[in-house]
Structure formats: C-alpha cells, structure tokens
Amino acid sequence: MATHQLELAGGVATVTLDRPDALNALTRDSRRELAAELRSLGKRPDVRAVVLTGAGRAFCAGQDLREEAALADVETTIIDTYIPVIEAIRELPAPVIAAINGAAAGAGLSFALACDWRVMADDAVLMMAFSNIGLVPDSGGSWLLPRIVGYERAFELAASGRRVQADEASSLGLVQQVVPRAEVVSTAQTLAASLAARPPLAVAWTKRLMREALSATLGETMRSEAAAQADAVATADHAEGVRAFVEKRAPRFEGR
Ligand code: T3D
C-alpha cells in the first residue's frame, strides 16, 4: 500500500503522507518512498512548486515507534532513509512548502524545518520529541532549528521536548503563516501556485544560493551569485521579464 499520495495540478505537486491511522509516523518504507518521490519531482521541469502535508489529523509523528525494525542498526537506517528525505527537499530545485495540518514531531518536524516555507494549522503542535524518549535530534534537527530560532531557543525546545502551539511557533519564526486547519493545504497550494508562476530557473537558483549561503562566507556567496547571475541573464525568462516590463504586461515564464 502506498505510504503517500501525489497530486499534480498547474505546476504544483502536492505530496500527502498517507498513514493517518499512525499519525503518518515514518517507517523505513515510507521514508524510502518519500525520498524517491521528491527526487523524481526534482527532475521534472513541469513541477514548479511542491506542497508537503499529511493525511488525517497529523502532519507526521516522526519515527513509527511501533515498527519492529526501528531499533536495528539505527545509524545506517538514518543515513540510508532519513537523510535522503532532507537532502531531497533541500536539493529539489522547486520550492517546497510544508502544510503542517496537525502534529509535527521528531523527524516529522525535521522534515518540515527543511522546507522553504511553513504554513501551520492554528490547532497543530510542533514538538522536538526526541529527548522525550531519550534520543537526540536527527534528520538535521540540530542544524536546522538553531538557524531558524537561534541556539538558546533551539536548545530549550530540543531538551524540553515540549509542545509548541501555533501562536508561539509563529512568534519564534518556526512557521511563516498560521491559518485555520481547513485552510492549511489550500493556503500552501495558493502560495505554491504563485511561486509556480515565477521564473523557475531564477527561483531554483535563488533557493540554491540562499541554502548554500547558510554555510558559506560573504565572499564565496557573492562569487556564487555572480556565476548564477551570468546564467540567469542568458535565460529566455530574463528576456521575457524585461520585454513584459517595457510593454507593461504580465510576463509568461517558460523555464528556459
Ligand atoms: O529509531 C530510529 O529510527 C531513530 C530515529 C528517530 C526519529 C524520530 O522521529 S524519534 C521521535 C519519534 N516520535 C515521537 O516520539 C512522537 C510520539 N508522539 C507524540 O508525542 C504524540 O503522539 C503527538 C505529539 C505526535 C500527537 O499527540 P496527540 O495527543 O495528538 O496524539 P496521541 O494520543 O499521543 O497519539 C495518537 C495515537 O497515535 C496513539 O495511538 P493509540 O493510543 O490511539 O493506539 C499513539 O500511540 C500513536 N502515535 C503517536 N505517535 C506515534 C504513534 N504511533 C507510532 N509512532 C509514533 N511516532
């Protein structure tokens, strides 16, 4: 049985984790299938934005604590099945928007934090659940969280394992929008559609530049920008953008 669903509409791919009876908790298979799906979407020029969400009342409860194989060879499991999901989100050229429809806990929260934008349901909770069961953050949680909220808040959230409600998540900058639960996916899809109408190469290169800048120097970043700008200037979308500006009309970007 499929562990997620995929819907494509107007350049927007919506990936829905689909194990609602287990709060979309992650199994080896579900992680492998999700990483493969995201990598495959990354190769499709017709996919210009991705929404990641969960079926039922949760976004993702992290590792499925009832999966029998869970504790076997954890280091290899993390390297082989968790990290590829995070890397697929980060390396996907199109923006990835998390539509946090319900609880996001443990690695499920790490998946959301790896996304480029987060929309959260007003009754959802975020939880660095790892320490509640004697574990440490994984799937990039130790790297992502301090970069979003600063070291002290990240440490407190991870060490306490407490629930973070939507208003606090918003004030900490953990999520960018809070909306009623019934609107969380449509809000993310509307934003995704607006991003899908933007010049896809410029958006993809902007994502890459800013991601890389998080662990690069100013000098390195400015040189990467210069190289990317040389590529951007040569695109048909740049020519179309300038033409549309001069002709006072909306541009039509084709991704080349
Ligand atoms: O081993 C390795 O691979 C290492 C890597 C680990 C990565 C990780 O992600 S570790 C973190 C694992 N996740 C958690 O510890 C989260 C556990 N869940 C919760 O804290 C809460 O359930 C939630 C905050 C997610 C939601 O709370 P709430 O109050 O809305 O729901 P609930 O009543 O706690 O849970 C509802 C049901 O879902 C319940 O089952 P039941 O009693 O109705 O039969 C609960 O056991 C089940 N459930 C929730 N989370 C998980 C789960 N079942 C399996 N695995 C889960 N992670």
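This is a predicted model, so every value here is computed, not measured. Just so you know, ligand 1 is whichever comes first in the structure, and atom 1 is the first atom listed for that ligand.
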Interatomic distance, CD@Glu67 vs OG1@Thr77, rounded to 0.5 Å, equals 8.5 Å

Backbone or side chain, does any N or O of [X] fall under 3.5 Å from an N or O of ligand 1?
X: Phe130; value: no
X: Thr77; value: no
X: Asp21; value: no
X: Ala61; value: yes

Which option out of Leu23, Leu65, Asp73 puts a heavy atom nearest to atom 15 (O) of ligand 1?
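The option holding the nearest heavy atom is Leu65.
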
Do [X] and [Y] meet the criterion of a side-chain donor-acceptor pair at a distance under 3.5 Å?
X: Ser170; Y: Asp167; answer: no
X: His4; Y: Glu37; answer: yes
X: Gln189; Y: Thr14; answer: yes

Practice task
Could you pull out the closest heavy-atom pair between Ser110 and Ser139, with the gap in Å?
Solution key: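 Heavy atoms only, the tightest pair is CB-O, 3.3 Å.
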
Which of the numbered atoms in ligand 1 are under 4.0 angstrom from any heavy atom belonging to [X]?
X: Gly106; result: 9 (O), 11 (C)
X: Gly62; result: 9 (O)
X: Ala129; result: 14 (C), 15 (O), 16 (C)
X: Met127; result: 20 (O), 24 (C)
X: Tyr82; result: 3 (O), 5 (C), 6 (C), 7 (C)

**Asked** Backbone N or O of Val178 within a donor-acceptor pair of the Asp122 side chain at under 3.5 Å?
**Response**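 No; judged by distance alone, with no hydrogens or angles, the pair does not exist.
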
Counting heavy atoms under 4.0 Å, the part of Asp138 that contacts ligand 1 is side chain

Is the shortest side-chain N to carboxylate O distance from Arg223 to Glu220 below 4.0 Å? no

Tell me whether ligand 1 is touched by Glu67 - counting only heavy atoms on the residue side and a distance under 4.0 Å.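 Glu67: no contact with ligand 1 (<4.0 Å).
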
*Does atom CZ of Arg256 have more than 12 heavy-atom neighbours, drawn from other residues, nucleotides or ligands, at distances under 6.0 Å?*
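12 or below, so no.
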
